[in-house]
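Working notes, structure below.
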Amino acid sequence: MEQHYWLMKSEPDVFSIDDLVRLNSAPWDGIRNYQVRNLLRDHFQIGDLAFFYHSSCKEPAIVGIMQIITTAYPDSSALDPSSPYFDPKSTSEKLPWLRVDVQLVHKLTRPITLATLRQHSEPLTDLPLLKRGNRLSITPVTPEQWHYILALVES
DNA sequence: GCCAACGTTGGC
DNA sequence: GCCAACGTTGGC
């Protein structure tokens with residue numbers, strides 16, 4: 001199968017690019033939305049690349065690049081009452097939630113802000129992040145969009 | 001299965 | 001803190 005590209009949101013107060021720099025790799029857990037769960041289950045492959053995006057913060061931006069290093073596996077944080085991602089409806093027999101592990105490729109020297117991305121709304125028209133009402137924490141990025149955005153990093 | 005009420009996300 | 005846009009829940 002071919003390589004996929006993704007954009008994955010995280011609130012920096014909860015898990016930031018600097019946390020990933022420190023850990024190098026980490027589970028991407030806490031997904032509690034079925035559409036996103038289905039993406040993880042059906043489309044994530046080892047070796048896929050993803051933008052790390054800081055959301056719900058002062059300057060929303062793409063702040064790093066990471067690689068997917070596992071396929072989807074059960075997100076046991078849903079079973080842990082002390083976890084902020086605890087899901088009282090989940091049981092070990094019925095655990096619908098999945099996570100993948102990610103590894104840092106690199107932190108961007110200069111974040112690509114949401115404002116910058118909006119300035120390129122013409123070539124990036126179909127980027128889910130720029131669409132109204134977009135709330136999914138993981139969205140696909142086409143190869144064209146991926147390479148266009150990467151070129152912004154270098155400009 | 002419909003749909004109103006409620007909850008969540010996330011930019012501003 | 002506001003609000004738009006969804007997603008989820010639960011009564012019927």
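Below, chain A is the first sequence line, B the second, and so on; all start at residue 1.
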Quiz item: Nearest to the side chain of A:S55 - B:dG11, C:dG7, C:dT9?
Solution: B:dG11
Quiz item: Which of these, A:Y5, A:W146, A:W6, sits in a ring-ring contact (aromatic ring centres under 6.0 Å, His included) with A:F51?
Solution: A:W146
Quiz item: Roughly how many Å is it from CD in A:Q35 to C1' in B:dT8, rounded to a whole number?
Solution: 14 Å
Self-check item: Sugar-phosphate, base or nothing in reach of A:K89, heavy atoms under 4.0 Å
Solution: sugar-phosphate
Quiz item: Roughly how many Å is it from CG in A:L127 to P in B:dG11, rounded to a whole number?
Solution: 13 Å
Self-check item: Between P of B:dC12 and NZ of A:K58, the distance in whole Å
Solution: 15 Å
Quiz item: What integer distance in Å separates A:L7:CG from B:dG11:P?
Solution: 11 Å
Exercise. Tell me which nucleotide among C:dT9, B:dG11, B:dG10 gets nearest to the side chain of A:K9.
Key: B:dG10
Quiz item: Got a second to check how far A:D29's CG is from A:S83's OG, nearest 0.5 Å?
Solution: 7.0 Å
Quiz item: To the nearest angstrom, how far is A:H54 atom NE2 from B:dT9 atom P?
Solution: 17 Å
Quiz item: Phosphate oxygens OP1/OP2 of B:dG11: is one of them under 4.0 Å from a side-chain N or O of A:Y53?
Solution: yes
Practice problem: Specify the closest pair of heavy atoms between A:T125 and A:K131, including all atoms of both residues, with the distance to one decimal. | Solution: O-CE, 3.6 Å
Quiz item: What integer distance in Å separates A:L136:CG from B:dT9:P?
Solution: 11 Å
Exercise. For A:L130 and B:dG11, give me the distance from atom CG to atom C1', rounded to whole Å.
Key: 12 Å
Exercise. Compute the centroid of each ring, for A:F44 and then for A:W28, and state whether the two points are separated by less than 6.0 Å.
Key: no
Exercise. Would you kindly give the OH-to-P distance between A:Y85 and B:dT9, to the nearest whole Å?
Key: 10 Å
Practice problem: Please determine if a side-chain N or O atom of A:R118 lies less than 4.0 Å away from the OP1 or OP2 oxygen of B:dC12. | Solution: yes
